[in-house]
Amino acid sequence: MDHLDELEAQSIYILREAFARLKKLALLWSLGKDSNVMIWLARKAFFGRVPFPALHVDTGKKFPEMYAFRDRFGKEWDLDLKVEPCPSIDAVDPTLPPAARSAARKTEGLKWALTKYGFDGLIAGIRRDEEATRAKERVFSPRGLEGGWDVRDQPPEFWDQFNASVPQGAHLRVHPILHWTEADIWAYTKRENIPIIPLYLSKDGKRYRSLGDQDITNPVASTASSIDEILAELDGTKVPERAGRALDHETEDAFERLRVAGYL
């Protein structure tokens with residue numbers, strides 16, 4: 001197997017382990033490149049059909065292109081799509097910086113969805129190379145009663161042996177692409193011909209490397225108008241993937257505070 005085959009096999013193994021061990025599972029679909037790859041992998045893992053809901057926790061502030069993508073491919077991929085709204089910003093910790101506070105609406109919306117559906121496992125498309133706090137994650141990551149993440153109390157994971165015991169009254173986060181990189185995502189997307197949102201491609205000298213809410217996400221300078229050009233650009237860039245995310249430029253502890261409280 002080549003590098004992409006090995007990544008794919010590992011992710012499919014994780015998805016099947018989660019499905020076998022957890023009673024009520026959902027896949028978090030943020031509509032971006034990572035979660036689209038994750039859905040593609042889930043379809044491969046389960047012979048063309050995702051056997052658990054795809055959950056979109058919707059802030060109502062995504063780009064129109066993202067909503068169009070969701071509506072089209074939710075049907076084409078035959079997903080059991082559940083769209084759950086987020087509360088207003090008044091329900092969020094007022095001590096957070098502005099962009100982090102806006103992003104935290106997603107955490108509160110996710111808590112509502114967990115209460116509503118009673119999921120004991122949530123599959124999320126985060127990667128270790130995205131952000132320093134995410135590098136500390138586990139593949140099977142226990143969450144507290146309020147969805148909180150205790151970075152100091154993570155289970156060891158050696159030789160692909162995972163602890164899938166669900167905390168009493170809480171849930172597990174499962175991360176099938178934790179070991180992938182941004183370049184891996186794009187190389188696999190190209191190989192598999194996975195549909196992408198056009199915002200990832202350069203227009204007027206700019207493109208989005210990471211997609212979030214319109215009001216807290218900005219494009220970066222780029223001339224890459226194809227996946228091949230994106231891969232070539234990544235090979236030489238020193239600009240972080242999340243350079244266009246406003247919350248990553250706020251106070252040093254803002255992102256970690258979000259993650260401890262249950263943010264993805």
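Numbering of residues begins at 1 and proceeds along the displayed sequence. Note that the structure is a prediction, hence the values are computed from the model and not measured.
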Handout entry: Spacing of Gln10 atom CD and Tyr13 atom OH [to the nearest 0.5 Å]
Key = 7.5 Å
Completion exercise
Taking every heavy atom of Ile12 against every heavy atom of Leu41, the minimum-distance pair comes out as CG1-O, 4.0 Å
Exercise for the section: Kindly indicate whether the side chain of Leu172, heavy atoms from C-beta on, has any atom under 4.5 Å from the side chain of Asp120. Expected result: no
Practice task
Answer yes or no: is there a side-chain heavy-atom contact under 4.5 Å between Arg43 and Asp78?
Solution key: no
Problem - Heavy-atom pair of closest approach, residues Leu28 and Ala124 - result: CD1-CB, 4.2 Å
Problem - Residues which pass side chain to side chain donor-acceptor pair (under 3.5 Å) with Ser202, listed by chain and number, not counting sequence neighbours - result: none
Handout entry: Distance-only donor-acceptor check, side chains Glu84 and Trp112, under 3.5 Å
Key = no
Practice task
For residues Arg127 and Leu178, determine if any side-chain heavy atom of one lies less than 4.5 Å from a side-chain heavy atom of the other.
Solution key: no
Exercise for the section: Applying side chain to side chain contact (heavy atoms under 4.5 Å, CB included), run through Leu27 and Val174 and close with a yes or a no. Expected result: CA-CA 9 Å; Leu27 185 152; Val174 183; over 6 Å; no
Problem - Flag, side chain of Asp5 to backbone of Asp2, donor-acceptor distance under 3.5 Å - result: yes
Exercise for the section: Would you please name every residue forming a ring pair (Phe, Tyr, Trp, His ring centres under 6.0 Å) with Phe69, sequence neighbours left out? Expected result: Phe73
Problem - Check: Phe162 and Arg138 side chains under 4.5 Å, non-hydrogen atoms - result: no
Problem - Distance-only polar pair, side chains of Ser141 and Glu137, donor-acceptor under 3.5 Å - result: yes
Fill in the blank from the handout: dist Leu7:CG -> Trp180:CH2 (nearest 0.5 Å) comes out at 5.0 Å
Problem - Which atom of Ser11 lies closest to which atom of Ile177, heavy atoms considered - result: OG-CG2, 4.0 Å
Completion exercise
Scanning both residues in full, the closest heavy-atom pair of Met66 with Ser30 reads CE-O, 3.7 Å
Problem - Donor-acceptor contact below 3.5 Å, side chain Lys24 vs main chain Gly121 - result: no
Problem - Sidechain N-carboxylate O distance under 4.0 Å for Lys44, Glu8 - result: yes
Problem - side chain to side chain donor-acceptor pair (under 3.5 Å) partners for Asp184, two or more places apart - result: His3, Thr181
Fill in the blank from the handout: Residues Pro64 and Gln214: closest non-hydrogen pair is CD-NE2, 3.9 Å
Handout entry: Test log, rule side chain to side chain contact (heavy atoms under 4.5 Å, CB included), inputs Ser222 and Glu233
Key = CA-CA 8 Å; Ser222 172; Glu233 181 180 85; 2.5 Å; yes
Handout entry: Pair Trp29, Asn36: side-chain N/O donor-acceptor within cut-off below 3.5 Å
Key = yes
Practice task
List in chain and number order the residues that pass side chain to side chain donor-acceptor pair (under 3.5 Å) with Tyr200, two or more places apart in sequence or in another chain; answer none if no residue qualifies.
Solution key: none
Handout entry: Test item: Thr189 side-chain N/O and Ile194 main-chain N/O as donor-acceptor pair under 3.5 Å
Key = no
Practice task
Can you establish whether the number of heavy atoms outside Lys82 located under 6.0 Å from its atom NZ is more than 12?
Solution key: yes
Handout entry: Validation row: Phe119, Leu25 side chains within 4.5 angstrom (heavy atoms)
Key = no
Fill in the blank from the handout: One should read off an interatomic distance between Ile230 CD1 and Arg209 CZ, to the nearest 0.5 angstrom, of 9.5 Å
Practice task
Enter the distance from Glu65:CD to Leu199:CG here, rounded to the nearest 0.5 Å.
Solution key: 4.0 Å
Handout entry: Where Trp186 and Ile196 come nearest, the two heavy atoms and their spacing
Key = CZ3-CG2, 3.8 Å
Exercise for the section: Can you measure from NZ (Lys33) to OH (Tyr208) and round to the nearest 0.5 angstrom? Expected result: 13.5 Å
Problem - Donor-acceptor pair, side chain of Ser35 and main chain of Met38, under 3.5 angstrom - result: no
Practice task
Can you run down the salt bridge (charged side-chain N to carboxylate O under 4.0 Å, His left out) pairs that involve residues 161-172, sequence neighbours left out, and say none if there aren't any?
Solution key: none
Exercise for the section: State, without any angle test, whether Arg173 and His175 hold a side-chain donor-acceptor pair at a distance under 3.5 Å. Expected result: no
For residues 50-59, run the donor-acceptor check on the side chains, cut-off 3.5 Å, and write out each pair with its distance to 0.1 Å, sequence neighbours left out.
{"from": "His56", "atom 1": "ND1", "to": "Arg70", "atom 2": "NH1", "distance (Å)": "3.0"}
{"from": "Asp58", "atom 1": "OD1", "to": "Gly60", "atom 2": "N", "distance (Å)": "2.8"}
{"from": "Asp58", "atom 1": "OD1", "to": "Tyr67", "atom 2": "OH", "distance (Å)": "2.6"}
{"from": "Thr59", "atom 1": "OG1", "to": "Lys61", "atom 2": "N", "distance (Å)": "3.2"}
{"from": "Thr59", "atom 1": "OG1", "to": "Asp213", "atom 2": "OD1", "distance (Å)": "2.8"}
{"from": "Thr59", "atom 1": "OG1", "to": "Asp213", "atom 2": "OD2", "distance (Å)": "3.1"}

Problem - Sub-4.5 Å side-chain heavy-atom contact between Arg191 and Leu4 - result: yes
Problem - Flag for Thr223-Glu229: side-chain donor and acceptor within less than 3.5 Å - result: no
Handout entry: Flag side-chain contact, heavy atom, 4.5 Å: Trp77 against Arg49
Key = no
